[in-house]
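Take a look at the structure below.
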There are 2 protein chains.
Amino acid sequence: MSVGIRHDDLRRRNRAMVISAVRRAGQPSRTEIAATTGLSHSTISAISSDLIQEGILTESKPSETASLKRGRPQVGLGLNPEATAVMTVVLSLNFLSVAVIDYAGQVIAEEQRRLDTLTMPRDELIGECTAIVRRRFEDPDLDVRSVARIAMGIQGITDTHARAMLWSPITSQTDIPFADILEGEFGIPATMENDCNMMAVALQWRDPERYRDDFIAILLSHGIGMGLVLKGELFTGTHSSGGEFGHMIHRPGGALCRCGRRGCVEAYAGNYAIWRNARMMSEDAEPADVGDADMRALAARARESDGPEREAYRKAGEALGFGLGSLFALIDPAPVAMVGVSAAAFDLIEPALREAIAQTAGGQHSKSISFDTEPNELPLIREGCAMRALGFVDQEIFAPGVQVKPGKHVA
Amino acid sequence: MSVGIRHDDLRRRNRAMVISAVRRAGQPSRTEIAATTGLSHSTISAISSDLIQEGILTESKPSETASLKRGRPQVGLGLNPEATAVMTVVLSLNFLSVAVIDYAGQVIAEEQRRLDTLTMPRDELIGECTAIVRRRFEDPDLDVRSVARIAMGIQGITDTHARAMLWSPITSQTDIPFADILEGEFGIPATMENDCNMMAVALQWRDPERYRDDFIAILLSHGIGMGLVLKGELFTGTHSSGGEFGHMIHRPGGALCRCGRRGCVEAYAGNYAIWRNARMMSEDAEPADVGDADMRALAARARESDGPEREAYRKAGEALGFGLGSLFALIDPAPVAMVGVSAAAFDLIEPALREAIAQTAGGQHSKSISFDTEPNELPLIREGCAMRALGFVDQEIFAPGVQVKPGKHVA
DNA sequence: CTCTTTTTTTCGAGCCTCGAAAAAATACTG
DNA sequence: CAGTATTTTTTCGAGGCTCGAAAAAAAGAG
C-alpha cells in the first residue's frame with residue numbers, strides 16, 4: 001500500500017502543483033492557478049510568494065494581454081530562467097548532441113558531433129559522451145553550478161529506473177550504466193531515457209490538445225520503436241523501458257529481424273527490412289544499415305512506379321497495421337504519431353496499414369484513428385529529454401528531502 | 001494536472017490508508033499499522049479510535065497470537081462485519097449467481113441459477129438479473145439497508161467506467177447498462193466489471209506474495225480473456241475493460257474467430273478452436289459451444305495417444321505462446337495464472353507454449369516465467385467482485401463527499 | 001475625483017500530524 | 001508476591017497548513 005500522507009508533504013505537493021501549473025500555462029495569474037488547482041487564493045498567494053522569494057518564479061509585470069478589463073490587472077507568474085539549468089545528451093546512430101536548457105525551457109548552448117557509434121569500443125563511446133558534456137561545463141559563459149540535472153536519451157532499451165542502457169541498435173555494447181557514469185563524473189543527478197519515450201513526452205508538450213491522455217508515438221527508422229502514453233502517463237515496462245512494439249510477432253517464423261528472432265514487426269517495417277524487400281533480397285538477408293538519403297530515394301521510386309519498392313512499403317504497412325491492431329486489442333485505439341525518416345513515406349505505408357487494422361480487433365475504429373507524421377526525430381527526443389529533466393528539477397527544488405518511502409501497493 | 005490537496009483530504013486519505021491496512025493485514029495492531037503506513041502512533045491512535053466509534057473497525061481482544069512477549073500486549077484491529085455488506089452478481093454462460101458478503105469479506109447468503117443466456121431475449125436477461133437480486137433483498141434475515149454496493153461481473157467487454165456491458169459471448173445482446181439498471185432498481189451504487197479483471201483482483205488477495213505488482217490472469221475457456229495487473233494496479237483499456245488478449249492477431253488472415261475476424265489467438269486456443277482442430281474440421285468452421293465435460297474428455301484422449309487431439313492442444317499452446325511473447329515485448333514478462341477448464345489441460349499446452357515464447361522477445365526469460373493453473377473460474381470472479389465492492393465501500397465510508405475534481409493530467 | 005470591479009494579501013480560526021511524555025498492561029526477577 | 005522492565009497505546013501541547021472573510025491594491029468608468 002502507498003504510504004500515509006504526512007503533514008509536511010502537504011505543502012510540498014501543493015508547491016509542486018503550483019510550479020507545474022506555471023510550467024504548463026506559461027504566464028498564469030495567481031487567480032488562474034487557484035482555479036486550475038482548486039486551492040484557495042490565500043494558499044496560492046502564500047506559496048507563490050515563497051517561490052518568488054526563493055527565485056523559482058518571477059512576476060512578469062503588466063502589458064502582455066492588454067488589460068481591457070476593469071479592476072486590478074492580473075500579474076502573470078513565470079518560471080525564472082535563471083533558477084537553474086539542465087543538460088540533455090542525445091546519443092543516436094553515428095550522432096551525439098548535447099544542449100543546455102534554462103529553467104524556463106530555452107536552449108542556451110548546444111554542441112553536436114558525428115561519430116561512428118557502431119564500431120566504437122565501449123570505453124571510447126563512454127568517453128565521447130562524457131567529453132562532450134565536459135566541454136559544455138568548460139564554457140566560461142555557463143555557470144557550472146547552475147546545472148541541476150542531466151537527461152540522456154538513447155535509441156535502445158533502458159531499464160525501468162532510467163539508470164542504464166541495456167541494449168541498443170547503435171552499438172554492439174550492452175548494459176552501459178550511463179546515468180551512474182555521468183553522475184560519477186560530474187556529480188549531478190542524471191537519468192538514462194529511452195528515445196521513443198522522450199518523443200512521446202515532447203509531443204505531449206508540443207500539442208497538449210491532441211496528445212493528452214492516450215496516444216502512441218512510433219519511430220519508423222532503422223528500427224521500430226514506440227513511446228506510449230496511457231491515462232496521461234508514460235507507459236513503461238516493469239523491468240525495461242518497455243513498449244518494444246517493433247518486436248511484437250507479426251508472422252511466427254517469418255523474416256529475420258535485427259534482434260536475431262524471426263517474424264517481428266520490425267523485420268518487415270524497419271528501414272533495413274523495406275530496403276531488403278525493395279531489392280528483392282531474401283527475408284533471411286542480414287540486416288544492413290541504410291542511410292536516410294537512400295531511404296528517401298527509395299520512397300521516390302516507389303511513388304513513381306508500382307514495382308518492388310512500392311510492394312516493400314505495402315508489406316511494411318501490413319506489418320505495422322497488424323501490430324497496431326494487436327496493440328489496440330490490448331489498449332483501445334488512440335491517436336498515433338509516426339516519427340522518423342519513413343514517416344515521410346507514410347503515404348506509401350498508410351493504405352496497407354489501414355487495411356490491416358481493419359481486419360483486427362481495433363478494426364471497428366480503423367477509419368477514425370488519426371495519424372500524424374514528423375520526419376525528424378532528433379529535435380523531439382531532445383525536447384523530451386529537456387522536459388523530463390526540468391520535471392525532475394520541479395520535483396526536487398521544492399522537495400528538499402522527504403520522499404515517499406517505498407511502500408507496498410494499494411488495493 | 002491533478003488537483004491540489006486540501007487540508008481535509010489529509011484525514012480522508014489517512015483514514016483510507018488505515019482501513020486498507022486492516023483489510024489487508026487481517027488483525028494488525030495499531031503499532032503495526034503505524035509501521036506500514038509510516039504515520040505516527042498518535043495519528044493512528046486518533047484515526048482508529050474514530051473508526052471504532054463509527055463502527056467500522058472493532059478491537060479483537062487478546063488471545064490470538066499467544067503473547068509470549070513482555071510488555072503490554074498488542075490489541076488487534078479488525079473490520080466490523082456488521083459495518084455494512086455488499087452484493088456480487090456474476091453472469092456467465094448459462095449461469096447466474098448472487099452472493100451477499102459482509103464487511104469483513106465473509107459470504108452470508110447466496111443463490112445460483114441456471115438459465116439459457118444465449119437464446120434469452122434482452123428484457124428477460126435483464127429481468128433474471130434484477131429478480132435474483134430482489135430475492136436476496138426479500139430475505140428476512142438480511143437488513144436491506146446494510147447493502148452498500150453491488151458489483152456485477154460478466155464474461156465480456158465492459159466500458160472503462162464499469163457501467164455497462166458492451167459485448168459478451170454469452171448473449172447476442174450488446175450494450176446493456178447493467179450498473180444503471182441495478183442502481184435504478186435498487187437505489188444502491190453498482191458497477192459492471194469484466195470477469196477476467198475480477199479474476200486478477202481475486203488472485204491479488206488470495207496470494208499477495210505471488211500476485212503482487214505485475215502479473216497476468218488468462219481465462220482459457222470458450223473464449224480467451226485476460227486480466228492484467230501492472231505496477232500493482234489493474235490495467236484497463238482507455239475506453240473498454242481492455243486487455244483483449246484473445247483477439248491479438250496470431251496469424252494474419254488465419255483461422256476464423258468467434259468475433260468474425262481471422263487469425264486471433266482465440267481462434268486457435270479457445271475451446272471451440274481446440275475442438276475444431278481435434279475433430280480435424282476446417283479452420284473456417286463456425287465456432288460451436290463445447291461443454292466442459294467434452295473438453296475434459298478431449299484432453300484425456302490427447303493424453304492417451306498422439307493424435308489430432310494432441311495436435312490441437314499443441315496449436316493452442318503455440319498461439320498462446322506467440323501471443324504472450326508479443327505481450328511480453330510490450331510489458332516485460334510476469335507470472336501468469338491460467339484459469340478455466342482448459343487450464344486443467346495445461347500439461348498439453350505448456351510445451352508448445354514455451355517453445356513459442358522462446359522464439360519471441362520475451363524468449364530470454366521463457367524458462368523463468370512461471371505458470372499457475374486454476375480450473376475453476378467462477379469462485380475467483382465472485383471473490384474479485386466482492387473485494388472490488390468492498391474496496392469501493394472502504395473509499396466511500398470514510399470519504400463523505402469531497403471527491404477530487406476531474407482534473408487535467410500532470411507532467 | 002469618486003465609484004466600481006477585479007486581483008492579491010492579510011489575519012484569525014480550525015484541523016491535522018508530530019514528538020514527548022504519561023498511562024496501561026503484561027512478563028520477568030528475586 | 002511485589003517490584004522492575006518492556007512494550008503498546010493514549011494524552012497533550014506545539015507547529016504548520018489551508019481556508020474564508022475582510023482588507024488592501026490597482027486599475028477602468030463615470
Side-chain angles (χ1 to χ4, degrees), chain A residues 3-18 27-53 57 59-77 398-402 404-405, chain B residues 3-18 22 27-53 57 59-77 398-402 404:
Chain A
V3 86
I5 302 181
R6 322 279 301 280
H7 204 204
D8 17 338
D9 291 345
L10 226 165
R11 216 353 156 18
R12 219 191 88 245
R13 296 199 193 199
N14 286 340
R15 280 170 64 108
M17 193 99 15
V18 170
Q27 297 278 325
S29 70
R30 291 166 174 79
T31 308
E32 285 174 86
I33 297 174
T36 62
T37 60
L39 298 172
S40 74
H41 287 193
S42 357
T43 304
I44 299 301
S45 181
I47 291 177
S48 50
S49 86
D50 282 2
L51 291 173
I52 290 169
Q53 192 128 37
L57 299 185
E59 283 190 328
S60 69
K61 268 286 122 148
S63 57
E64 292 293 324
T65 47
S67 52
L68 301 162
K69 295 176 304 183
R70 247 146 92 123
R72 179 171 173 173
Q74 307 189 341
V75 346
L77 295 177
F398 54 71
V402 195
V404 284
K405 286 199 299 185
Chain B
V3 87
I5 302 182
R6 321 279 302 280
H7 203 198
D8 18 337
D9 291 346
L10 226 166
R11 214 358 154 18
R12 220 191 87 244
R13 296 198 192 200
N14 287 340
R15 281 170 64 109
M17 194 99 16
V18 170
V22 173
Q27 297 277 326
S29 70
R30 292 166 174 80
T31 308
E32 285 175 87
I33 297 174
T36 62
T37 60
L39 298 172
S40 74
H41 288 191
S42 355
T43 304
I44 299 301
S45 182
I47 291 177
S48 49
S49 86
D50 280 3
L51 290 173
I52 290 170
Q53 191 128 38
L57 299 185
E59 284 190 328
S60 69
K61 269 286 128 152
S63 57
E64 292 294 325
T65 48
S67 51
L68 300 163
K69 294 176 305 182
R70 243 146 96 125
R72 178 171 174 173
Q74 307 189 343
V75 345
L77 294 178
F398 55 71
V402 195
V404 285

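Letters A, B, ... are given to chains in the order of the sequence lines, protein chains preceding strands, and every chain is numbered from 1.
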Close side-chain approach of Gln27(B) to Leu77(B), heavy-atom, < 4.5 Å: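 Gln27(B) does not reach Leu77(B) side chain to side chain.
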
I need the [atom1]-[atom2] distance between [X] and [N], as an integer number of Å.
| X | N | atom1 | atom2 | value |
| --- | --- | --- | --- | --- |
| Glu59(A) | dT8(C) | CD | C1' | 10 Å |
| Arg6(A) | dC18(C) | CZ | P | 5 Å |
| Arg13(A) | dT18(D) | CZ | P | 12 Å |
| Asp9(B) | dC17(D) | CG | P | 17 Å |
| Met17(A) | dC17(D) | CE | P | 16 Å |
| Arg70(B) | dG3(D) | CZ | P | 17 Å |
| Gln74(B) | dA27(C) | CD | P | 13 Å |

dT9(C) phosphate, OP1 or OP2, under 4.0 Å from Arg30(A) side-chain N/O: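 Answer is yes, contact under 4.0 Å.
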
Supply the atom-to-atom distance [X] [atom1] to [Y] [atom2], rounded to the nearest 0.5 angstrom.
| X | Y | atom1 | atom2 | result |
| --- | --- | --- | --- | --- |
| Leu10(A) | Ile5(B) | CG | CD1 | 5.5 Å |
| Leu57(A) | Arg15(A) | CG | CZ | 9.0 Å |
| Thr37(B) | Arg13(B) | OG1 | CZ | 15.0 Å |
| Asn14(A) | Asp9(A) | CG | CG | 10.5 Å |

Ile5(A) vs Ile44(A), nearer the 5' end of DNA chain C by closest nucleotide: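 First, find each residue's nearest nucleotide; the 5'-ward one identifies Ile44(A).
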
Glu32(A) or Gly71(A), whichever maps to the more 5' nucleotide of DNA chain C: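 Per heavy-atom nearest nucleotide, the more 5' residue is Gly71(A).
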
Out of [options], whichever nucleotide has its closest atom nearest the side chain of [X]:
| X | options | value |
| --- | --- | --- |
| Thr31(B) | dA5(D), dT8(D), dC19(D) | dT8(D) |
| Ser40(A) | dT9(D), dG20(D), dT7(C) | dG20(D) |
| Arg72(B) | dC18(C), dA24(C), dT7(C) | dA24(C) |

Flag, side chain of Ser45(B) to backbone of His41(B), donor-acceptor distance under 3.5 Å: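 Flag not set: sc Ser45(B) to bb His41(B) has no pair under 3.5 Å.
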
Pairs touching residues 39-53 of chain A that satisfy salt bridge (Lys or Arg N to Asp or Glu O under 4.0 Å), sequence neighbours left out: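 Only Arg11(A)-Asp50(A) qualify under salt bridge (Lys or Arg N to Asp or Glu O under 4.0 Å).
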
If you restrict it to nitrogen or oxygen atoms, what contacts under 3.5 Å exist between nucleotides 10-16 of chain C and the protein, and what is each distance?
residue: dG14(C); atom: N2; partner: His7(B); partner atom: ND1; Å: 3.2

